[in-house]
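Computed from a predicted model, the values in this text were never measured in an experiment. The basis for the numbers below is simple: all heavy atoms, side chains too, and nothing from hydrogens, waters or symmetry mates. Convention: sequence-line order gives letters A, B, ...; per-chain numbering from 1.
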Amino acid sequence: MLDIKFIRDNIDRVKKACRDKNEDADINMLIQIDQERRQFIKEVDSLREKNNKIASEIGELVRSGQDISNLKDEAKAISNQIKDKEQELKELQAKLDLLLLKVPNIPDPSVPVGFNEEQNLDISEYGGKPQYDFEVRDHYFLGEVLDILDFKRGAKIAGSFFPMYKGDGAHLKRALINFMFEVHTLEHGYTEVSPPFLANRDSMTGTGQLPKLENDMYYVESDDLFLIPTGEVPVTNIYRDEYIPEAKLPVKFVTYTPCFRREAGAYGKDTKGLIRVHQFDKVELVKFTHPESSYDEHENLLKDAENILQRLGLHYRVRLLCTGDLSFSAAKCYDIEVWAPGTGKYLEVSSCSNFEDFQARRASIKFKSKATGKSEYVHTLNASGVALPRLVIAILETYQTKNGKINVPDCLKKYFNGKEIIG
RNA sequence: GGAGAGGUGGCCGAGUCGGCUGAAGGCAGCAGUUUGCUAAACUGCCGUAGGGUCAUAAGCUCUACCGGGGGUUCGAAUCCCCCCCUCUCCGCCA
């Protein structure tokens, strides 16, 4: 969420951000309602002031035992006026809040303006596409043949796009989670957390999933809870409505969670295998930083996520998202895309985002600045470190052998009971 | 699920029969005095948000906020209703 004062003073910038991000927030309406709202606040406040004065006068008269019936009638009249105005004010405020929640974050100046993913910028790449002297297979084929991925059974249990991992497939997933956790906690300095996998409305609004993405999430009606679409939600909300001591910044968390996404409207796209699924696992990195250092921390965050792919010996590229591809809440975002030789595509395994104070304002996460003596919002950042299914795809397809088996990457062997080959 | 207790400022903790209580007191924090240094002591400051004034400063001023929402009242942290959360006991279950 943006500061209403900031919007007031930067109407053109905000409008431009909406255009560049393809968001249709009604800024003119917002400004108009804000003006009306302030007018109402003025009126209501002055009525309240009057009423408070009368009330304390009455208090004094009562104590000295005098008659108060005249004053009482007057006060009653004002009190009724207040109630009416308050009601209208409340409606205005609700309207304003709703509009405000629909205004996207402003892209950082370093973000290229563009309409869609084709205008994303290639930043860097690691390794090269591996070459094979045999016909490469995709993970779907390999998974079925090796009996380590079972899509049919997953579909029977829950529905299509709920994959099941089995045997060495399930073990591979577990090994990857352990591997990533050890790197991020022991070497990159993140603190491990294991949060709830369901979250309430306040949490979902805090990180920006609500109100926009309600239909993309699984919802438990009886308890008004949502299954989390990413570990970012519970972990960023750890500090919702709290102050973080300035000296503790940056706070860095790593978490593992399953993620649940309805992918409404995405049918027909990436329909096969693990590329796009309703439930998947993710190791997620979340940072709370001082505003001054968030962009440095952003670069480090990217490196932390890249490090995982480098150790696994996977070819990938990093792209800077253009405005049109940038998510609603982000100011700047790098995507890491790993190469999947069998599928023949680069697959996004991590979005590395700086939200600046956008989420922090929504979720009210602050620190007391020693320099200014005032409360300020922290900056929040997150990145997958990294998402599992597409990582599994890249590993199966990259490390496949001529006879249809999979070599276990060196760095994973210790998490795989020393086993070197799957199949 | 049943019975009970409770939710007050960064923390602890008072709040009388509803009326200068945004809220005593303590701790922590900040600034200063004292001190050769440290400790201690002393003095002052010390919630958040939204308006107004205004240079989007300081200051001044108003309003709201004592888990959330609603109600009673001229007036509620204090009374009533609903909800949420925490704790204890019982039941049930991993």
Distance, rounded to the nearest Å, where A:Leu92 contributes CG and B:G51 contributes P:
13 Å
What does B:A14 pair with, Watson-Crick or G-U, if both distances are under 3.5 Å?
none
Please state the P separation for the pair B:G70 and B:C65 - nearest whole angstrom.
11 Å
What are the atom names and distances for every N/O pair under 3.5 Å that joins the protein to nucleotides 53-61 of chain B?
from  : atom 1 : to       : atom 2 : distance (Å)
B:A58 : OP1    : A:Lys374 : NZ     : 3.2

Between B:A39 and B:A28 - P atom distance, rounded Å
13 Å
Whole-Å distance between B:G52 P and A:Gln35 CD?
11 Å
Between B:G51 and B:U8, how far apart are the two P atoms, rounded to whole Å?
28 Å
Tell me every residue that passes ring pair (Phe, Tyr, Trp, His ring centres under 6.0 Å) with A:Tyr140, counting only those two or more places apart in sequence or in another chain.
A:Phe151
Nearest-Å distance once atom C1' is located in both B:U34 and B:A41
8 Å
Is the closest side-chain heavy-atom distance between A:Val378 and A:Tyr239 below 4.5 Å?
no
For A:Leu30 and A:Ile7, what are the C-alpha separation, side-chain angles and deciding distance, and is it a side-chain contact (heavy atoms from CB on, under 4.5 Å)?
CA-CA 9 Å; A:Leu30 186 88; A:Ile7 298 177; 3.7 Å; yes
Plane angle bin for A:His188 and A:His184 - parallel if under 30°, tilted between 30 and 60°, otherwise perpendicular:
tilted
Heavy atoms of other groups near A:Asp73 CG, more than 12 under 6.0 Å
yes
Could you go through the side-chain contact (heavy atoms from CB on, under 4.5 Å) check for A:Leu388 and A:Phe280 one step at a time?
CA-CA 7 Å; A:Leu388 267 293; A:Phe280 63 97; over 6 Å; no
Base, sugar-phosphate, or nothing: which does A:Ser46 touch, judged by heavy atoms less than 4.0 Å apart?
nothing
I'd like to know if the side chain of A:Asn105 reaches the main chain of A:Ser329, judged simply by a donor and an acceptor atom lying under 3.5 Å from each other, with no hydrogens or angles considered.
yes
Taking the C1' atom in each of B:C87 and B:U16, what is the distance between them to the nearest angstrom?
28 Å
Would you say the side chains of A:Thr205 and A:Asp202 form a donor-acceptor pair under 3.5 Å?
no
Pick the closest RNA chain B nucleotide for A:Val44 and for A:Arg38 by heavy atoms, then say which residue is nearer the 5' end.
A:Arg38
Whole-Å P distance, B:C83 and B:G4
15 Å
Counting only Watson-Crick pairs (N1-N3 plus N6-O4 or O6-N4) and G-U wobbles (N1-O2, O6-N3), all under 3.5 Å, who is the partner of B:A3?
B:U88
For A:Lys282, check side-chain hydrogen bond (donor to acceptor under 3.5 Å, both in side chains) against everything at least two apart and list the hits.
A:Thr230, A:Glu284
With a 3.5 Å limit on both atom pairs, tell me what B:A49 is paired to, counting Watson-Crick and G-U wobble, or say none.
B:U63
Watson-Crick/G-U partner (both atom distances under 3.5 Å) of B:A28:
none
Check each residue of residues 197-208 of chain A for a non-hydrogen atom within less than 4.0 Å of any atom in RNA chain B, then write out the ones that pass by number, or none.
none
Going through the checks in order, is the side-chain contact (heavy atoms from CB on, under 4.5 Å) test met by A:His139 and A:Ile275?
CA-CA 10 Å; A:His139 73 285; A:Ile275 296 178; 4.2 Å; yes
Report the C-alpha separation of A:Glu57 and A:Glu60 in whole Å, then their side-chain angles, then the decisive distance to 0.1 Å, and conclude whether the side-chain contact (heavy atoms from CB on, under 4.5 Å) test is met.
CA-CA 5 Å; A:Glu57 264 178 62; A:Glu60 279 170 42; 5.9 Å; no
Under the rule for side-chain contact (heavy atoms from CB on, under 4.5 Å), what residues qualify as partners of A:Asp84, not counting sequence neighbours?
none
Does any nucleotide pair with B:U56 by Watson-Crick or G-U wobble geometry, both distances under 3.5 Å, and what is it?
none
Quote, to the nearest angstrom, the P distance that separates B:G18 from B:A77.
13 Å
Find every protein N or O atom lying less than 3.5 Å from an N or O atom of nucleotides 15-18 of chain B, and list the pairs.
none

Report the distance from atom CD of A:Glu43 to atom P of B:U63, rounded to the nearest whole Å.
16 Å
For residues A:Tyr219 and A:Asp224, is any side-chain donor paired with an opposing acceptor at under 3.5 Å?
yes
What residues, two or more places apart in sequence or in another chain, satisfy side-chain contact (heavy atoms from CB on, under 4.5 Å) together with A:Asp410?
A:Lys413
Below 4.0 angstrom from OP1 or OP2 of B:A28, is there any side-chain N or O of A:Lys368?
no
Quick one: A:Phe40 CZ to B:A64 C1', roughly how many Å, whole number?
17 Å
In whole angstrom, give the distance that lies between atom NZ of A:Lys53 and atom P of B:U63.
7 Å
For B:U33, what is the paired nucleotide under Watson-Crick or G-U wobble rules, both distances under 3.5 Å?
B:A41
Rounded to whole Å, CD of A:Glu376 lies from P of B:A49 at a distance of 11 Å
Let me have a per-nucleotide readout for nucleotides 65-82 of chain B, 5' to 3', with B, S or -, counting only protein heavy atoms under 4.0 Å.
-----S-S-BS-------
I'd like a table of atom pairs between the protein and nucleotides 7-13 of chain B - only N or O on both sides, under 3.5 Å - with the distance next to each one.
none

Output the rounded distance in Å from CG (A:Leu47) to P (B:G50).
22 Å
Side-chain N or O of A:Arg48 versus OP1/OP2 of B:G51: is the shortest distance under 4.0 Å?
no
Once ring-ring contact (aromatic ring centres under 6.0 Å, His included) is applied, what residue pairs with a partner in residues 47-68 of chain A remain, sequence neighbours excluded?
none
Indicate whether the side chain of A:Thr380 and that of A:Gln359 have a donor and an acceptor atom separated by less than 3.5 Å.
yes
Scan every strand shown for a Watson-Crick or G-U wobble partner of B:A23, both distances under 3.5 Å, and answer none if you come up empty.
none
Residue list, side-chain contact (heavy atoms from CB on, under 4.5 Å) with A:Lys85, at least two apart or on another chain:
A:Phe40, A:Glu43, A:Val44, A:Leu47
Test: ring-ring contact (aromatic ring centres under 6.0 Å, His included). Region: residues 367-394 of chain A. Which pairs qualify, not counting sequence neighbours?
A:His290-A:Phe367
When A:Lys50 and A:Glu60 are each assigned the nearest nucleotide of RNA chain B, the 5'-most assignment goes to A:Glu60
Taking B:C17 as the reference, what is the distance to B:C89 when you measure between their C1' atoms (whole Å, please)?
34 Å
Would you kindly give the NZ-to-P distance between A:Lys85 and B:G51, to the nearest whole Å?
18 Å
Which residue is it: A:Glu187, A:Glu306, A:Glu182? I am looking for the one with a salt bridge (charged side-chain N to carboxylate O under 4.0 Å, His left out) to A:Arg311.
A:Glu187
